[in-house]
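First comes the structure, then the notes that go with it.
Residue numbers start at 1 and run along the sequence shown.
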Amino acid sequence: MNLDEILQSLGIRDKIANVTVSSVTEDIAKVKEGSLFFAVKGRNTDGNRFINKAFDAGAVAVISSEKYPDARVFTVNDVREALSVAACKFYFPSRDKMQLIGITGTNGKSSTAGYLRHIINSSGRKCAVIGTLGSVSDDDYTDTGYTTPAAEILYSELEKHALSGNEYCVLEVSSQALAMKRTHALRFSLGIFTNLGTDHLDWHKSREEYMKAKKLLFNNCDKALVNADDCFKDEFCGIASEGTYLYSLKDDYADYTARNIRIKKDEISYLMLDEYGLCKIRFNANGEFSVYNSLAAAAGANILGITHSEICEAVHTLPVIKGRMEKISARGIDVYIDFAHTPEALENALKALKTVTKRKLICVFGCGGDRDKSKRSLMGAVASEYADIIVLTSDNPRGEDPSDIISDIIIGIKNINKIYKEIDREKAVALALKKAKDGDIVLIAGKGHENYMICSGEKKYFSDEITVKKILGV
C-alpha cells in the first residue's frame, strides 16, 4: 500500500510520492524495511525513544504526537487512534464484508462469544471469534496471546476471517484494549455488555476509569445489548446509534427475559421471552451465570436477524467452552476447571456447585502477581463462604513472592481451619484430589484454558486439565 493512502486516512495532507509501506506497527522489534512505525507513549515505554532505531531498521516513516526534526516523522494528536485507523486500512481491506459483534464486561465474555458463534454457525451462516481463547474459525486457530490483541494482529486476523468467508466475527473487547483504542477504527453491528465487577484496578486505578473504558465500545456500535440486572446498566444505555436492548432474569420489561429457569447439576433450562414470542432453551451447564451468558448470546443472535426457530434448535447443543466449568469425573469425584479469577466469577462458580452437592466442596485457587491486589482478600472471603476446604496456591505469581500473595488472600478468610497452603500448583491440585471423597466436588479456579505458569518472570508449561487427568489416571 502507498504511504500517501495511509497518511490521507489519518488526515495528513503531506505527500511522499511512490513510497510503499510493508507493515504497520507500534512494536520496534517488528520494524523492517518499509515499515510505518507508530511511536506510542505507553505507561512504561515511550515509542519516541526508538524513532532513530526505527529508521535504522528500514522504516519509511514514523507517526508521533511530538514534533521531530525529520520530514519522515508526521505529527498527530492521538497516536493510538491513528494506529488503529492505519492498521485497519492496511490489514483489513475487506472490513465491509463482515459484521462485527463486540462483547465487553468483567465476566462471561468468552462463554457468551462461544455461545453466540455456535448459534450463528448453526443457522447456516459462518462466524469467527477473536478473544481470550484465541482467534478461531472453522478453518483456522491462532493463539494471539491476548483477549484483544495488538492492532496489527487484530486487523490481520479480521482480514483472514473475512477472506475465509465468515459473515460475522465476535470480538471479546477488553477494557485495556478499549483504553488503548485498539478497536477505535472498527464499526460494530452489535455491542454486548455482560456485567461490571472487580478486575484490572491496578491498570485503571479506579472503578470509574474501568467503567469509562468499557463504555468506549458503544460509541462504535449500531446497536447495544445490555444486562439489565447489572447495577451499572444505565451507564451503558443510550450510547449506541440505533438503540439499546435489555436482557434480564428479573425485569419483566426487558426486551429479552428468562423465565421458568431450572438449574440442575450440569443442566439448565428456561424460556427466553421477547415481544415476538418465546424460545425454549436447554443445554448442559451449571449456574445462574450460564443463564445470563446463554440469554445474551440468544438475544444477540436474534437482534442480528437469527430467527427464533434457528435459535431454539441451536441452543440445545451449546458447547462446553474451554476452561469454563470444564468437567472431569473419576473415582466418584467431579472436578471442574474454570477461569474464574475475579471475586464475582469465583462466587458464581462456587455458588453453582454448592447447590448440587451435599458433600464437600473443595476449592483450589490463587491470584495473579503484579496485578490488582484489591481483589485478593475479596476472593478469600468468597471462598470462605462457599468452600468446605480451600487450597491456596500459585496462579501466575510473575515477579511476586507466592507466599505474599497467599497472605493477602488469607486476610479475607474467616475460618483459617479450612485452609491448606501449597505454593506448587501441581502439588496443590494433588492435595485437593487426595482430600476429596466419593461424591465430593473440586473446583480448580483461576487458569481455565491457560497452559502456562509465569513464575519469577519465566513462562513455563502448566495445565490444570492435564494435571488433573494425570493424577486421576484418565
Check for me whether the distance between the ring centres of [X] and [Y] falls short of 6.0 Å.
| X | Y | value |
| --- | --- | --- |
| Y452 | F462 | no |
| F283 | Y115 | yes |
| F218 | F236 | yes |

- request: Using the side-chain contact (heavy atoms from CB on, under 4.5 Å) rule, take V382 and L378 through it: C-alpha gap first, then chi angles, then the decisive distance, then the call.
  value: CA-CA 6 Å; V382 166; L378 298 177; 5.8 Å; no
Quick one: do the [X] and [Y] side chains pair a donor with an acceptor below 3.5 Å?
| X | Y | answer |
| --- | --- | --- |
| S64 | N48 | yes |
| E172 | T132 | yes |
| D78 | S65 | no |
| Y210 | D372 | no |
| Y91 | S23 | no |
| E326 | Y336 | no |

message: Let's go through S84 and Y155 carefully: what are the C-alpha distance in whole Å and the side-chain angles of both, what is the deciding distance for side chain to side chain donor-acceptor pair (under 3.5 Å) to 0.1 Å, and is it a yes or a no?
response: CA-CA 9 Å; S84 183; Y155 293 106; 2.7 Å; yes
Do [X] and [Y] have side chains that approach each other closer than 4.5 Å (heavy atoms only, starting at C-beta)?
| X | Y | value |
| --- | --- | --- |
| L433 | L431 | no |
| I466 | Y461 | yes |
| V291 | Y270 | yes |
| T183 | F188 | yes |
| F339 | N107 | no |
| T147 | I130 | no |

message: Could you go through K327 and D266, starting from their C-alpha distance and side-chain angles, then the distance that decides it, and tell me whether this counts as salt bridge (charged side-chain N to carboxylate O under 4.0 Å, His left out)?
response: CA-CA 9 Å; K327 183 181 177 183; D266 300 329; 2.5 Å; yes
Within the side chain of [X], is there an N or O that forms a donor-acceptor pair under 3.5 Å with the backbone of [Y]?
| X | Y | value |
| --- | --- | --- |
| K354 | L350 | no |
| D27 | A29 | yes |
| S394 | I423 | yes |
| N166 | H161 | yes |
| R425 | T393 | no |
| D395 | C367 | no |
| N227 | L246 | no |
| S384 | G412 | no |
| R376 | I406 | no |
| N220 | L186 | yes |

- prompt: Can you list the steps and then say if S35 with T25 is a side chain to side chain donor-acceptor pair (under 3.5 Å)?
  reply: CA-CA 7 Å; S35 292; T25 185; over 6 Å; no
message: So that I can tick it off, tell me whether E400 and R371 are bridged by a salt bridge, with the cut-off set at under 4.0 angstrom between side-chain N and carboxylate O.
response: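 No, this pair does not count.
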query: Do E159 and R95 meet the salt-bridge criterion of a basic N to acidic O distance under 4.0 Å?
result: no
Which atoms form the tightest heavy-atom contact between [X] and [Y], and what is the distance?
| X | Y | answer |
| --- | --- | --- |
| D138 | R117 | OD1-NH2, 2.9 Å |
| V76 | A82 | CG2-CB, 4.0 Å |
| A59 | F55 | O-CD2, 3.4 Å |
| A296 | T112 | CB-CG2, 3.9 Å |
| F90 | V21 | CE1-O, 3.4 Å |
| S294 | L318 | CB-CD1, 4.0 Å |

Once you round to the nearest 0.5 Å, how far does [atom1] of [X] lie from [atom2] of [Y]?
| X | Y | atom1 | atom2 | value |
| --- | --- | --- | --- | --- |
| L443 | F365 | CG | CZ | 10.0 Å |
| I263 | S290 | CD1 | OG | 8.0 Å |
| E450 | N396 | CD | CG | 5.0 Å |
| L216 | I239 | CG | CD1 | 8.5 Å |
| I328 | K469 | CD1 | NZ | 5.0 Å |
| K181 | E81 | NZ | CD | 4.0 Å |

task: For V24 and L83, run side-chain contact (heavy atoms from CB on, under 4.5 Å): C-alpha distance rounded to whole Å, both residues' side-chain angles, the deciding distance at 0.1 Å, then the answer.
output: CA-CA 8 Å; V24 172; L83 171 61; 3.9 Å; yes
- request: With side-chain contact (heavy atoms from CB on, under 4.5 Å) as the test, would you mind laying out the steps for K322 and E465 before giving the verdict?
  value: CA-CA 10 Å; K322 183 70 176 173; E465 177 189 1; 2.5 Å; yes
task: Give me the one residue out of K435, K434, K360, R331 that meets salt bridge (Lys or Arg N to Asp or Glu O under 4.0 Å) with D440.
output: K360
message: Among K447, K460, K470, exactly one meets salt bridge (Lys or Arg N to Asp or Glu O under 4.0 Å) together with E426. Which residue is that?
response: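 The single option meeting the salt bridge (Lys or Arg N to Asp or Glu O under 4.0 Å) with E426 is K470.
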- prompt: Should T104 and K215 be marked as a side chain to side chain donor-acceptor pair (under 3.5 Å) after you check the CA-CA gap, both sets of side-chain angles, and the distance that decides it?
  reply: CA-CA 9 Å; T104 197; K215 288 171 63 175; over 6 Å; no
- request: Show the numbers, then the answer: is there a side-chain contact (heavy atoms from CB on, under 4.5 Å) between L353 and M325?
  value: CA-CA 10 Å; L353 296 176; M325 297 298 278; 3.7 Å; yes
message: Students often mix this up, so state it plainly: with edges at 30° and 60°, are the rings of Y292 and Y247 parallel, tilted or perpendicular?
response: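 Y292 and Y247: perpendicular rings.
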Count the heavy atoms belonging to other residues, nucleotides or ligands that lie under 6.0 Å from [atom1] of [X], then report whether that count exceeds 12.
| X | atom1 | answer |
| --- | --- | --- |
| K212 | NZ | no |
| N77 | CG | no |
| K421 | NZ | no |

- prompt: Among D334, N286, T355, which one satisfies side-chain hydrogen bond (donor to acceptor under 3.5 Å, both in side chains) with K265?
  reply: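 Checked D334, N286, T355 against K265; only one passes side-chain hydrogen bond (donor to acceptor under 3.5 Å, both in side chains): D334.
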- request: Run the numbers on S248 and D229 for side chain to side chain donor-acceptor pair (under 3.5 Å), then give the verdict.
  value: CA-CA 6 Å; S248 173; D229 299 338; 2.6 Å; yes
